[in-house]
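A single structure is presented below for examination.
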Amino acid sequence: MRKVGVDELILGARPRAGNDPLGAEWVDVLRGIPLFAPLSKRHVKRIANLARPRRFAASSAIVRKGQRGETFYVILDGKATVNLPKGRSVALGAGDFFGELALLDGGPRTATIIAKTSVLTMAIGRRPFLELVKGDSELVLGLLKVMAERLREADQAGVS
């Protein structure tokens, strides 16, 4: 029996260059993310085609607080830690995601995230995402609807 590594299990058996898109097989992963969940499968498939695998060595920074946000990440394998103010931290693992607002506004990162182990992510860059959005008003309306719902929920939570 042939041994199979985690990368092959997650990314598939065919050789993949570091910049090759992950593709449509990742639609279900993206549909589990609140920003993309309500969008049509066709739209999520187009977004999935923008995704690229990115690896981070243990103890390396995936993002740093204050850096301009240019990429959205979904952790496919490995563990990371979000370093919060006052010495607090939050553990992240497979299926967790961060940086969705970076796709929309490119604002500064609000926390530093460090890889605790080797981490494999699905990464979607802001520039290709905006190019996709610019050409599809239906997709823009779907994203605006999701953002409006999230703002409304946050506002109602603040009132309670």
Side-chain angles (χ1 to χ4, degrees), residues 4-84 89-133 136 139-140 142-147 149-151 153-154:
V4 178
V6 171
D7 281 5
E8 186 173 333
L9 282 172
I10 293 171
L11 300 175
R14 73 174 178 83
R16 182 185 301 273
N19 213 17
D20 280 355
L22 291 174
E25 64 269 21
W26 294 96
V27 168
D28 289 338
V29 172
L30 290 177
R31 292 202 81 173
I33 293 163
L35 182 63
F36 305 129
L39 300 177
S40 72
K41 189 169 184 172
R42 176 177 63 90
H43 285 122
V44 177
K45 185 176 180 179
R46 292 179 67 202
I47 294 167
N49 284 328
L50 302 175
R52 304 288 187 269
R54 292 262 326 261
R55 291 172 183 79
F56 297 89
S59 302
S60 66
I62 299 173
V63 300
R64 291 197 182 278
K65 183 177 179 175
Q67 277 182 336
R68 184 172 175 187
E70 290 290 331
T71 307
F72 165 73
Y73 296 96
V74 179
I75 297 176
L76 300 176
D77 186 52
K79 296 184 185 309
T81 301
V82 181
N83 295 328
L84 299 168
S89 65
V90 174
L92 299 176
D96 289 325
F97 58 90
F98 52 94
E100 64 271 30
L101 293 180
L103 290 176
L104 302 173
D105 72 357
R109 299 288 186 182
T110 58
T112 296
I113 300 178
I114 304 292
K116 285 184 75 166
T117 65
S118 176
V119 173
L120 175 65
T121 66
M122 170 193 297
I124 299 174
R126 181 171 185 257
R127 195 167 298 175
F129 180 78
L130 290 178
E131 288 300 316
L132 173 65
V133 168
D136 192 332
L139 177 55
V140 171
L143 290 169
L144 285 172
K145 182 179 177 187
V146 172
M147 295 306 292
E149 289 171 3
R150 291 178 72 184
L151 277 171
E153 288 171 8

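Nothing here was measured: the structure is a model prediction, and the numbers come from that model.
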| said: Going by salt bridge (Lys or Arg N to Asp or Glu O under 4.0 Å), name the residues that satisfy it together with Glu149, two or more places apart in sequence or in a different chain. | reply: none
| request: Can you see which heavy atom on Ala80 is nearest to which on Ile62, and at what distance? | output: CB-CD1, 4.1 Å
| request: Output all residues satisfying side-chain hydrogen bond (donor to acceptor under 3.5 Å, both in side chains) with Asp136, sequence neighbours left out; order by chain, then residue number. | output: His43, Arg46
| message | Checking Arg31 now: which residues fulfil salt bridge (Lys or Arg N to Asp or Glu O under 4.0 Å) with it, not counting sequence neighbours? | response | none
| Minimum heavy-atom distance between Pro128 and Gly125, given as atom pair plus value | CD-O, 3.4 Å
| message | So, using side-chain contact (heavy atoms from CB on, under 4.5 Å) as the criterion, who are the partners of Ser118 when residues are at least two apart? | response | none
| Partners passing side-chain hydrogen bond (donor to acceptor under 3.5 Å, both in side chains) against Arg127 (at least two apart in sequence or in another chain) | none
| ring-ring contact (aromatic ring centres under 6.0 Å, His included) partners of Phe56, counting only residues at least two apart | Tyr73
| task | List in chain and number order the residues that pass side-chain contact (heavy atoms from CB on, under 4.5 Å) with Leu104, two or more places apart in sequence or in another chain; answer none if no residue qualifies. | result | Phe129, Met147
| Leu30 vs Phe72 side-chain heavy atoms within contact, under 4.5 Å | yes
| field | Partners meeting side-chain hydrogen bond (donor to acceptor under 3.5 Å, both in side chains) with Glu70 (sequence neighbours left out) | value | Arg68
For a quick test of your reading: what N or O donor-acceptor pairs under 3.5 Å do the side chains of residues 32-39 make, sequence neighbours left out?
none

| request: Heavy atoms only: give me the nearest Ala115-Ala57 pair and the separation to one decimal. | output: CB-O, 3.4 Å
| After noting the C-alpha distance and the side-chain angles of Phe98 and Val63, does the key distance pass the side-chain contact (heavy atoms from CB on, under 4.5 Å) rule? | CA-CA 10 Å; Phe98 52 94; Val63 300; 4.2 Å; yes
| task | Identify the heavy atoms of Lys79 and Val119 that sit nearest to each other, and give their distance. | result | O-CG2, 3.3 Å
| How about Asn49 and Leu132: do any of their side-chain heavy atoms sit closer than 4.5 Å? | no
| field | Counterpart residues, salt bridge (Lys or Arg N to Asp or Glu O under 4.0 Å), relative to Arg64 (two or more places apart) | value | none
| query | CG/Leu143 to CG/Leu103 distance, rounded to the nearest 0.5 angstrom? | reply | 9.0 Å
Could you pull out every donor-acceptor pair under 3.5 Å between side chains of residues 105-114 and any protein atom, sequence neighbours left out?
unit_1, atom_1, unit_2, atom_2, d
Asp105, OD1, Gly107, N, 2.9
Arg109, NH1, Thr71, O, 3.3
Arg109, NH2, Thr71, O, 2.6
Thr112, OG1, Lys65, N, 2.9

| Any side-chain heavy atom of Leu76 within less than 4.5 Å of one from Trp26? | yes
| Is the side chain of Thr121 donor-acceptor paired with the backbone N or O of Arg54 at a distance under 3.5 Å, no angle test? | yes
| query | Which pair of heavy atoms, one from Ser89 and one from Asn83, lies closest together, and at what distance? | reply | CB-OD1, 4.3 Å
